[in-house]
Amino acid sequence: MYFDHFSFGTIRIDGVSSEHDVIIDRGEVRKRQKSPSKRFADAFGHTPLSTEEEIPWKCHRLIIGTGAYGRLPVMKKVKREAKRRKVELVVLPTSEAIQILNGNPEATNAILHITC
C-alpha cells in the first residue's frame, strides 16, 4: 500500500483518490462511517473518534491520523479500549501517520482524518 498524495480534503492511496476519511483494515481501504460519533460533536466542537464506530481493532498497532492540523478528537474511551485490547495506539497528524504507513508496518491498521 502506497500513499501517493495527501492534502487538506483529499488522499490518494495506490493511485485511488478519496475525499473522505478512510479506514485501513488489514490492507483494505474503506470509508470511515463517522455518523455513530456525531452525537458527541457538541461536546468536542467536532465529530470525534468514538468506540461507537467500527474501529479496526484486529491489529497490534492502530494509527489514528488526526487531520492536516491534528484536530480530530479521540475520545478517552477509544484509548481505554486500545489498552484493554493490548493494541498500541499511535495518534498524530495525518501527514505524520502516512509517513509511518508508507513503511508498510506489519499488523498495523489506521483511521485517517483528511481535513482539519
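Nothing here was measured: the structure is a model prediction, and the numbers come from that model.
Contact of the Lys31 side chain with the Val22 side chain is not registered, since no non-hydrogen atoms from C-beta on lie closer than 4.5 Å. Residues Tyr2 and Ile13 have side chains not in contact (no heavy-atom distance under 4.5 Å, counting atoms from C-beta outward).
Between Arg85 and Glu81, at least one side-chain N (NZ, or NE/NH1/NH2) sits under 4.0 Å from a carboxylate O, which counts as a salt bridge.
Linking ILVMFWY side-chain heavy atoms closer than 4.5 Å, directly or via other members, places Met75 and Leu112 in two distinct hydrophobic clusters. Taking hydrophobic clusters as Ile, Leu, Val, Met, Phe, Trp and Tyr residues chained together by side-chain heavy-atom distances below 4.5 Å, Leu49 shares a cluster with Trp57. Grouping the Ile, Leu, Val, Met, Phe, Trp and Tyr side chains by contacts below 4.5 angstrom, directly or via other members, places Phe8 apart from Ile11. By the criterion of side-chain heavy atoms lying less than 4.5 angstrom apart, applied directly or through intervening Ile, Leu, Val, Met, Phe, Trp or Tyr residues, Val74 is grouped together with Ile55 in one hydrophobic cluster. Transitive grouping of hydrophobic side chains (ILVMFWY, heavy atoms separated by less than 4.5 Å) brings Val91 and Val78 into a common cluster.
If you take CD on Glu96 and CD1 on Ile63, they are separated by 11.0 Å, rounding to the nearest 0.5 Å. Note that the NE2 atom of His46 and the SG atom of Cys116 stand 3.0 Å from one another [nearest 0.5 Å]. Taken from CZ in Arg39 to OG1 in Thr47, the straight-line distance is 12.0 Å, to the nearest 0.5 Å.
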query: Checking salt bridge (charged side-chain N to carboxylate O under 4.0 Å, His left out) for the pair Arg30/Asp25: CA distance, chi angles, key distance, verdict?
result: CA-CA 8 Å; Arg30 70 176 187 263; Asp25 186 358; 3.3 Å; yes

- request: Using the side-chain contact (heavy atoms from CB on, under 4.5 Å) rule, take Ile23 and Glu54 through it: C-alpha gap first, then chi angles, then the decisive distance, then the call.
  value: CA-CA 9 Å; Ile23 291 180; Glu54 289 187 38; 5.5 Å; no

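Proximity of the aromatic rings of His20 and His113 is defined here by a centroid distance below 6.0 angstrom, and this criterion is not met.
Counting non-hydrogen atoms of other residues, nucleotides and ligands closer than 6.0 Å to NE2 of His60 gives a total of 12 or fewer.
Leu101 and Ala110 get closest at one heavy-atom pair: CD1-CB, 3.7 Å. When all heavy atoms of Pro73 and Phe44 are compared, the pair lying nearest together is CB-CD2, 3.6 Å. The shortest heavy-atom contact between Ile114 and Ser18 is CD1-O, 3.9 Å. Shortest non-hydrogen contact noted between Val29 and Met1 is CG2-CE, 3.7 Å. When all heavy atoms of Pro36 and Glu52 are compared, the pair lying nearest together is CB-O, 3.5 Å. Of all non-hydrogen atoms in Gly65 and Ala97, the two that sit nearest each other are CA-CB, 4.0 Å.
Each side-chain hydrogen bond (donor to acceptor under 3.5 Å, both in side chains) pair with one or both residues in residues 61-71, not counting sequence neighbours, appears once here: Arg61-Thr108.
For Ser37 and Glu53, the side-chain atoms include at least one donor-acceptor pair closer than 3.5 Å.
Under a 3.5 Å cut-off, the side chain of Asp21 and the backbone N or O of Arg32 do not form any donor-acceptor pair. For the pair Asn109 (side chain) and Leu62 (backbone), a donor-acceptor distance under 3.5 Å is absent.
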